[in-house]
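Structure, as structure tokens:
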Amino acid sequence: MDIRRALPADLPAVSDIYGREAREGHATFDVEPRPMALWEEKLAASGPGEHFLVAEHEGEVIGHAGATSYRPKPAYRHTRESWVYVAPGHQGLGTGRALYDALLTLLADDDVHLVVAGVALPNDASLALHRAVGFEEVGTMREVGRKFDRWIDLVWLQKVLA
């Protein structure tokens, strides 16, 4: 498996991985796939702490991760929100961990102070991944989203980098 910066040619696979989760899962509160323009925008982002990585195995993109600004206010400039999505069939095999290890190293090199992540429940595998790379739970928002005719809780986690 190779972890690297995302390229334009990776975007259809990235979109497919995320789109499946939007349509069938609850790890995102999106209910439809995001437009390609959004992925292109993430790819073009180049400021400190703006990263977009993919995991590639045998020429196939099997996961993606990244970080963006937490909120558009100056006091939050040292905080980033992260995401990791792994394709079915590659979950539980270390792909998410490899993506997070690379992403957190890049963020630390950018002098990012804090990384936050939201995990929709239930998702024991994602919680375990976040704990394994050093995130700690800081709170739960109860019934914050509604998808598939049910209310979904969201756990917030954070990791202090510097």
Side-chain angles (χ1 to χ4, degrees), residues 2-23 25-56 61-87 91 95-121 123 125-127 129-141 144-145 147 152-162:
D2 182 36
I3 306 297
R4 59 174 174 74
R5 292 190 183 277
L7 301 170
D10 300 325
L11 296 183
V14 164
S15 180
D16 287 348
I17 291 167
Y18 188 88
R20 188 206 64 80
E21 191 62 36
R23 287 185 308 274
H26 69 271
T28 176
F29 288 170
D30 280 329
V31 295
E32 296 291 331
R34 290 182 168 180
M36 192 58 68
L38 181 129
W39 298 114
E40 292 165 350
E41 182 180 307
K42 288 186 182 301
L43 188 65
S46 61
E50 303 284 330
H51 297 284
F52 188 3
L53 305 175
V54 296
E56 183 179 45
V61 172
I62 60 170
H64 57 93
T68 58
S69 63
Y70 170 61
R71 291 189 176 177
K73 297 179 181 178
Y76 292 122
R77 70 184 172 277
H78 300 289
T79 300
R80 292 294 177 269
E81 185 171 356
S82 62
W83 82 83
V84 173
Y85 290 92
V86 177
Q91 297 165 343
T95 304
R97 175 67 186 254
L99 282 162
Y100 247 139
D101 286 346
L103 178 63
L104 294 171
T105 297
L106 290 170
L107 293 172
D109 290 346
D110 286 344
D111 293 324
V112 168
H113 175 69
L114 183 77
V115 182
V116 299
V119 175
L121 298 180
N123 195 333
S126 185
L127 289 173
L129 168 62
H130 284 85
R131 289 182 192 122
V133 297
F135 281 78
E136 63 179 334
E137 292 182 31
V138 293
T140 301
M141 297 173 70
V144 70
K147 192 170 179 181
I152 300 171
D153 296 346
L154 183 73
V155 171
W156 279 103
L157 302 103
Q158 69 178 33
K159 179 180 174 73
V160 176
L161 298 178

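One is the number of the first residue; the rest follow in order along the sequence. Here the structure is a predicted model, which means the values were calculated and not measured.
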**OP:** Could I get the full list of side-chain contact (heavy atoms from CB on, under 4.5 Å) partners for Ala117, not counting sequence neighbours?
**Re:** Ser82, Tyr100, His130, Phe135
Original post:
Are there more than 12 heavy atoms of other residues, nucleotides or ligands under 6.0 Å from atom CE of Met141?
Top reply: no
**OP:** Please identify each residue that fulfils salt bridge (Lys or Arg N to Asp or Glu O under 4.0 Å) with Arg34, with sequence neighbours left out.
**Re:** Asp30
Subject >> salt bridge (Lys or Arg N to Asp or Glu O under 4.0 Å) involving Asp109 - partner list, sequence neighbours excluded >> reply: none
Let me have the donor-acceptor pairs involving side chains of residues 40-50, under 3.5 Å, with sequence neighbours excluded, atom names and distances please.
{"from": "Glu50", "atom 1": "OE2", "to": "Ser69", "atom 2": "N", "distance (Å)": "3.3"}

Subject >> Partners passing side chain to side chain donor-acceptor pair (under 3.5 Å) against Asp101 (at least two apart in sequence or in another chain) >> reply: Arg97
Original post:
Can you check whether Ile17's main-chain N or O pairs, donor with acceptor, with Arg20's side chain at less than 3.5 Å?
Top reply: no
Original post:
Closest approach of Phe29 and Ala120, non-hydrogen atoms and distance?
Top reply: CE2-CB, 3.8 Å
Subject >> Trp39: side chain to side chain donor-acceptor pair (under 3.5 Å) partners, not counting sequence neighbours >> reply: none
**OP:** Please identify each residue that fulfils side chain to side chain donor-acceptor pair (under 3.5 Å) with Glu56, with sequence neighbours left out.
**Re:** Arg4
Original post:
What heavy-atom pair brings Gly96 and Leu129 nearest, and what distance separates the two atoms?
Top reply: C-CD1, 3.8 Å
Original post:
Between atom CZ of Arg80 and atom CG of Leu104, what is the distance when rounded to the nearest 0.5 Å?
Top reply: 13.5 Å
Original post:
Sequence neighbours excluded, which residues qualify as salt bridge (Lys or Arg N to Asp or Glu O under 4.0 Å) partners of Arg5?
Top reply: none
**OP:** Using a 4.5 Å cut-off on heavy atoms from C-beta on, say whether the side chain of Leu127 contacts that of Leu157.
**Re:** yes
**OP:** Could you pull out the closest heavy-atom pair between Ala108 and Leu161, with the gap in Å?
**Re:** N-CD1, 3.9 Å
**OP:** Report the residue from Val112, Leu114, Val115 that forms a side-chain contact (heavy atoms from CB on, under 4.5 Å) with Val160.
**Re:** Leu114
Original post:
What's the verdict on side chain to side chain contact (heavy atoms under 4.5 Å, CB included) for Leu103 and Leu99, showing C-alpha distance, side-chain angles and the deciding distance?
Top reply: CA-CA 6 Å; Leu103 178 63; Leu99 282 162; over 6 Å; no
Subject >> Residue pair Val54 / Ala6: nearest heavy atoms and the distance that separates them >> reply: CG1-CB, 3.8 Å
**OP:** State, with a plain yes or no, whether a side-chain heavy atom of Trp83 is found less than 4.5 Å away from one of Thr68.
**Re:** yes
**OP:** Determine whether the side chains of Asp10 and His64 contain a donor N or O and an acceptor N or O closer than 3.5 Å.
**Re:** no
**OP:** Sequence neighbours left out, what passes salt bridge (Lys or Arg N to Asp or Glu O under 4.0 Å) with Asp16? Give chain and number order.
**Re:** none
**OP:** Please list, chain by chain and in numerical order, all residues satisfying side chain to side chain donor-acceptor pair (under 3.5 Å) with Glu137, sequence neighbours excluded.
**Re:** Arg131
Subject >> Heavy-atom donor-acceptor pair, Lys147 side chain to Gly25 backbone, under 3.5 Å >> reply: yes
**OP:** Could I get the full list of side-chain contact (heavy atoms from CB on, under 4.5 Å) partners for Glu136, not counting sequence neighbours?
**Re:** Val138, Gln158
**OP:** Could you tell me which residues satisfy ring pair (Phe, Tyr, Trp, His ring centres under 6.0 Å) with Tyr76, sequence neighbours excluded, listed by chain and number?
**Re:** Tyr70
**OP:** Give, for atom OG1 of Thr140 and atom CG of Leu154, the distance between the pair rounded to the nearest 0.5 Å.
**Re:** 8.0 Å
Original post:
Counting only N and O atoms by type, is there a donor-acceptor contact under 3.5 Å from the side chain of Glu21 to the main-chain atoms of Ala27?
Top reply: yes
